[in-house]
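In what follows, every chain begins at residue 1, and chains take the letters A, B, ... in the order their sequences are listed. Note that this is a predicted model, so its numbers are computed, not measured.
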4 protein chains.
Amino acid sequence: MDDVMLKLKPARRERLADVLYGQILEQIASGQMAEGAKLPSEARICRDFQVSRPVVREALMRLQADGLVVSRQGIGTFVKSRPSDKLTDFAASAEIASYLRAFEPRLALETECAGLAAMRRTKAQLNQIGDALAALEGALARGETGWEEDFSFHLAVAAAAGNELFSRLLEELGDILRGSMRMALSLTRQGSEDRRRRVLEEHRKIFTAISGQNRELARLYMRYHLTESRARITGSHGDL
Amino acid sequence: MDDVMLKLKPARRERLADVLYGQILEQIASGQMAEGAKLPSEARICRDFQVSRPVVREALMRLQADGLVVSRQGIGTFVKSRPSDKLTDFAASAEIASYLRAFEPRLALETECAGLAAMRRTKAQLNQIGDALAALEGALARGETGWEEDFSFHLAVAAAAGNELFSRLLEELGDILRGSMRMALSLTRQGSEDRRRRVLEEHRKIFTAISGQNRELARLYMRYHLTESRARITGSHGDL
Amino acid sequence: MDDVMLKLKPARRERLADVLYGQILEQIASGQMAEGAKLPSEARICRDFQVSRPVVREALMRLQADGLVVSRQGIGTFVKSRPSDKLTDFAASAEIASYLRAFEPRLALETECAGLAAMRRTKAQLNQIGDALAALEGALARGETGWEEDFSFHLAVAAAAGNELFSRLLEELGDILRGSMRMALSLTRQGSEDRRRRVLEEHRKIFTAISGQNRELARLYMRYHLTESRARITGSHGDL
Amino acid sequence: MDDVMLKLKPARRERLADVLYGQILEQIASGQMAEGAKLPSEARICRDFQVSRPVVREALMRLQADGLVVSRQGIGTFVKSRPSDKLTDFAASAEIASYLRAFEPRLALETECAGLAAMRRTKAQLNQIGDALAALEGALARGETGWEEDFSFHLAVAAAAGNELFSRLLEELGDILRGSMRMALSLTRQGSEDRRRRVLEEHRKIFTAISGQNRELARLYMRYHLTESRARITGSHGDL
């Protein structure tokens, strides 16, 4: 338990809590801060990183929500689990924070899309979702990341919701989503066979629920998929 | 029960089902098609409006979902209730369709925002929501529509969700939201005192739930508010 | 701000936190503890009431959740709002706590019932819900409490869910529900005309949503109704 | 495609749609009705089974919801997938219908329990959930069904919700739950290693979410677990 290892560069333009989150994440992922290690105090991080207390608290709160650190009342904050050290091979650390944050609006929007798609999808729209799923299966089988196919799948579900505003909103998040999928599936490509199987199964269940016009099931499986996708990035599930 | 009253202009550029929805809505709102009147058959509407069957079905499905018409299996579709004839004073009929459609992503996004705001809002963010509420109360008391204050309220809740992507997505819908609020509150201004009281009370409950950090309550009251707002536009609740 | 007014009788058999909740509620409702008054410290309540710290915390947490007291970090707990002093005319104080607690499983079960009823209700089941609604309207108009009609309404919705297990579970809570409705509607009878109007309107909206086979709407309106019913008991909404 | 194979015994006392559901389920599970086989017409089933049309429709609707048959508009109803033929080794066919139906109130109640448990569980209650999980792991490892341990797990979650009415309601369903778990886990014991792994993982995720005090996650994982449990009984997921 040592709290001197955290090295921080003063922040400039970018969103401060993100950058701070990213720097701490990077040091945990790289192993510079080992599991069990104690983080510096909030006051110390404020000083070293030259930001206000709320910024530090926000960054720590998110790290805790992601299962990377744990706060013990009155004692301090400790590294809890270490995400893949390859995480930072595939994206800059501040980008990772924004990828993770995008899961919040995605959960709201895409869960709704899946439910509406189950009610309204036309035959043609269902086929597009099915085609994207088959393309994703093919890409993973060929050892590709399949991130473009993944993106197409999610766009096809949004299109099937029968309200073009959903597609428009998803496109507004397009850059973040593409980056996020590329990073997540790059990790999956290097992960276990079991991990790839899960990624496909989660997509397949969404497709089947939409195909079977089961709104509640489509909502549940989309919510589950997004939640698990996020956990695979932060490593909260081990290699799952 | 007469089905010859519906007059349709062939569509051009705009989204066809919206335009069709808007034209039928207009004729119901204006009283050209009275309550109980039978709409022409799907085939007839296809021919007159020069669109395909799916377009007609989509427009009719939405009119039914909005409580404006009712379909009786094997008999036909009938005008069920008449929204305010002032509705089309305040917006073009195709715009009204897009305003109504925006409630779907709003329900998904803003319900989530309200819940997150209850957990994360800072004191300053709460004050901004409170200020917007007070401004809305003032505007309604002065006999103004208050639509700008209404928009500020919803943006302030999104800002308090502690994830700037929600604000960005709401801004993406900004034009539609502004138009929608202007129209809805123009109707409210001409409506009963009771109607104004309800609009304020719905906003006040959202504020109180966020202030009291009650996530479930904030979600419920936002969902209720948006649902009732939509119903006030289509007139499904009488003058409420 | 005085903290010596709270008088506590040591507890015996009944569920301790409930009894403690009830005693504090009673003294707030009766005005013995005025708005703004400071409650004794947790340690003091433990000693006077002869219970352990967790029991005290649970009771205080519920009082806060009900909007009756407010805790200020490091300062203490204060009376926030006063429910109707007639509350304890209609039920023993420990019973009130159990009535309030029943809203948790009711929210889960009855929200689901309302949604399923919207999908599955037969014509006959819809008529039963409609009959119960009409009976409730009649009872309130005649100046009765209408609690039996209220109970019938909720049972009829459960029956329309098309799965008899829901009815069985609601009957298991039957005594609590009947007591709760009798107390709530006794308060309503003595309350404003506006309050009666709201009670009826909330039921009417549930009926309309089930009649219109709108699952999401039926779920929302049941959830809203139960939430408002609970708030009317604790007085969190003034006389609403 | 042959529709003469369905053999029906006229019903007596028990709930008719359940019995009918059970008889059809049995003949699908046993292979008497093969995949792709056409069921007799509704009119024919009414006559053979001596029940009214609504009873037949209800049974067919549930079989379709369970993914066992599929209706094609104007053509007829066909066997879609075959659950394990061992299903009826472990429970009488009418009981199976009631086990499946119990998932509806369970989804409502237990999802809420899991969410409340994440917020309110004491250390001791969390330990009880953890102990039940460990016991379930042990039982499955020893080749037992583990149904008693499974039941203990779900009761422990309900107890941790901090509202004894949830436990009471779950006990009210106790016989059905015990029977349902015994049947489901008997199938799992005979199933693949992968199937056992999934059952454990689903429980583990619920425990972890409650331990981490993550309400939304606890709700999601309980909902997912119950949905998958039901699908494992009807075989909608193959051997999963």
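- In this structure, the portion of A/L116 lying under 4.5 Å from any heavy atom of chain B is its side chain and not its backbone.
- Your options are B/L169, B/I176, B/T122, B/L165, and the one with the most heavy-atom pairs under 4.5 Å with chain A is B/L169.
- With salt bridges taken as basic N to acidic carboxylate O contacts below 4.0 Å, none links A/E58 and B/R120.
- In terms of modelled atom types and a separation under 3.5 Å, the side chain of A/N163 and the main chain of B/P105 share no donor-acceptor contact.
- Ranked by heavy-atom pairs under 4.5 Å with chain B, the list A/A161, A/S98, A/A108 is led by A/A108.
- A/E112 touches chain B through its side chain: at least one heavy atom from C-beta onward sits under 4.5 Å away, while N, CA, C and O do not.
- A distance-only check finds a donor-acceptor pair linking the side chain of A/R168 to the backbone of B/E172 [under 3.5 Å].
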